[in-house]
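Take a look at the structure below.
As the structure is a prediction and not an experimental result, all values here were calculated from the model.
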Amino acid sequence: EASITVYDKVYSTKTFKNTELCQTQEIILSDKKIGVINICYSGKLSAIAANLFLPEEVNLLFTISVTISGIIDKYSKEEELLQSEQKYKLLIENINDVLFEYDDQGIMKFISPHVVKKFGFNPEDVIGRSFTVFVGGDQEFAKQKIDGLKKNKEQSTEYKTFSKSGDVRWIHLSTKAVFDGDIFMGGAGTLTDITERKLMEIERDRSEQLYRSILNASPDTITITDLEGKILFTSESTNLMFGYDPSFDFTNQSNLNFI
């Protein structure tokens, strides 16, 4: 009769019971005992009991324990890998940025599913194509960027691009070089949609240029200072009125210097 115990779970024949005539073999995994195999003889004790189990049978029992250990080890690793893959898949799908990877020619190998929400592209639209599908440019442009990444190990650049529907998008592309030893394999990084921030910056710059042009068009001298009297802005008529060369810059100086 036989019994196998693994991680406190017992599998045995219906009539198994421990007797004085048993052969035991531990099941070892990573130098730790995870179970045991028991083979017991239920017959009457006799003079030949000491030689009841042949050496071949003992070796077979050891082989069975090693096989069981190997199966459990493989299953455990597959389970750990599956859990790890599920964890990283969940992480990638919930990161607000788009993750990507391309090879040494700039051909996209991977892009996270978030690209659909951000830019309207399905991963299948992008994988297998040059990364210039996002940043624009031709093969020569792609080669320059790849050579620069290979040399500098990382790049961080802002681009104006378009979604699949044609809407303007501003992106920040942060890329790190991937090496296998000394061999350049490509790049991997994040693509961040900065459209909202970029449009605010553009609108701010337009407003500043508009107000500056209005102030400079005034025939009056206009000066703006901070609370400590440091000059932040002067209109163009200031230089003319006070006889300064047009290239003279009043900014960052104290207004007391001109009184």
Side-chain angles (χ1 to χ4, degrees), residues 1-104 107-118 121-128 176-191:
E1 302 294 338
S3 172
I4 300 176
T5 303
V6 179
Y7 292 130
D8 297 327
K9 290 186 177 181
V10 180
Y11 309 88
S12 64
T13 55
K14 291 182 179 180
T15 58
F16 173 81
K17 62 179 180 179
N18 283 310
T19 68
E20 295 180 1
L21 300 177
C22 286
Q23 180 67 39
T24 300
Q25 176 63 54
E26 293 182 344
I27 302 174
I28 305 298
L29 178 61
S30 300
D31 298 325
K32 293 182 180 181
K33 178 182 174 181
I34 63 169
V36 64
I37 303 174
N38 286 316
I39 304 295
C40 295
Y41 178 66
S42 58
K44 293 182 179 180
L45 188 63
S46 67
I48 62 170
N51 299 317
L52 183 63
F53 296 97
L54 299 174
E56 292 83 359
E57 293 175 320
V58 175
N59 289 336
L60 177 60
L61 199 59
F62 174 75
T63 301
I64 293 173
S65 74
V66 171
T67 301
I68 292 174
S69 175
I71 292 172
I72 293 173
D73 184 42
K74 180 182 178 182
Y75 175 79
S76 298
K77 289 179 178 178
E78 289 177 348
E79 185 68 19
E80 289 175 1
L81 179 60
L82 179 60
Q83 291 178 357
S84 177
E85 288 177 346
Q86 290 174 339
K87 179 179 70 175
Y88 285 111
K89 181 181 179 182
L90 182 64
L91 181 64
I92 287 172
E93 289 178 348
N94 286 278
I95 289 178
N96 196 42
D97 293 340
V98 176
L99 307 183
F100 67 87
E101 181 181 7
Y102 56 73
D103 65 15
D104 60 342
I107 304 301
M108 301 295 287
K109 298 169 57 180
F110 168 81
I111 193 159
S112 60
H114 207 58
V115 69
V116 179
K117 181 178 179 180
K118 288 291 185 181
F121 292 97
N122 291 309
E124 296 78 14
D125 298 329
V126 179
I127 294 174
K176 289 192 176 183
V178 177
F179 288 89
D180 183 2
D182 294 330
I183 301 174
F184 176 68
M185 303 298 293
T190 58
L191 187 158

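By the 4.5 Å heavy-atom criterion applied to side chains, Gln23 and Val58 are counted as neighbours. Put simply, the side chain of Ile4 does not reach to within 4.5 Å of the side chain of Asn38, judged on heavy atoms. When side chains are defined from C-beta on, Lys109 does not count as touching Tyr102, because their heavy atoms never get closer than 4.5 Å. Contact annotation: the side chain of Phe62 never approaches that of Ile37 to less than 4.5 Å [non-hydrogen atoms, C-beta and beyond]. Under the 4.5 Å side-chain criterion, counting only non-hydrogen atoms from C-beta, Phe100 is in contact with Met108. Between Phe121 and Val126 the shortest side-chain heavy-atom distance falls below 4.5 Å.
Note that the CE atom of Met185 and the CG atom of Asp103 stand 8.5 Å from one another [nearest 0.5 Å]. Put simply, CD1 on Ile27 and OG on Ser65 are 6.5 Å apart, with the number rounded to the nearest 0.5 Å. How far CD of Glu101 is from CD1 of Ile107: 13.0 Å, rounded to the nearest 0.5 Å. To the nearest 0.5 Å, atoms NE2 (His114) and OG1 (Thr190) are separated by 12.0 Å.
Across every non-hydrogen atom of Ile39 and Ala2, the tightest pair is CD1-CB, 3.4 Å. Among all heavy-atom pairs drawn from Phe184 and Gly186, the shortest one is CE1-O, 3.1 Å.
Identified under the salt bridge (charged side-chain N to carboxylate O under 4.0 Å, His left out) test for residues 28-40, with sequence neighbours left out: Glu26-Lys33.
Remark: Asp125 pairs with Lys164 by the salt bridge (charged side-chain N to carboxylate O under 4.0 Å, His left out) rule, at least two apart or across chains.
Within 6.0 Å of CG in Asp8 there are 12 or fewer heavy atoms belonging to other residues, nucleotides or ligands.
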List, one per line, each side-chain donor-acceptor pair under 3.5 Å for residues 66-76, sequence neighbours excluded.
{"unit_1": "Thr67", "atom_1": "OG1", "unit_2": "Thr63", "atom_2": "O", "d": "2.9"}
{"unit_1": "Ser69", "atom_1": "OG", "unit_2": "Ile28", "atom_2": "O", "d": "2.6"}
{"unit_1": "Asp73", "atom_1": "OD2", "unit_2": "Lys77", "atom_2": "NZ", "d": "3.4"}
{"unit_1": "Ser76", "atom_1": "OG", "unit_2": "Ile72", "atom_2": "O", "d": "2.8"}

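Checked options Leu191, Leu99, Val98; the residue passing with Val115 is Val98 (criterion: side chain to side chain contact (heavy atoms under 4.5 Å, CB included)).
Listed for the Ser12 side chain is no donor-acceptor partner under 3.5 Å among the backbone atoms of Ser3.
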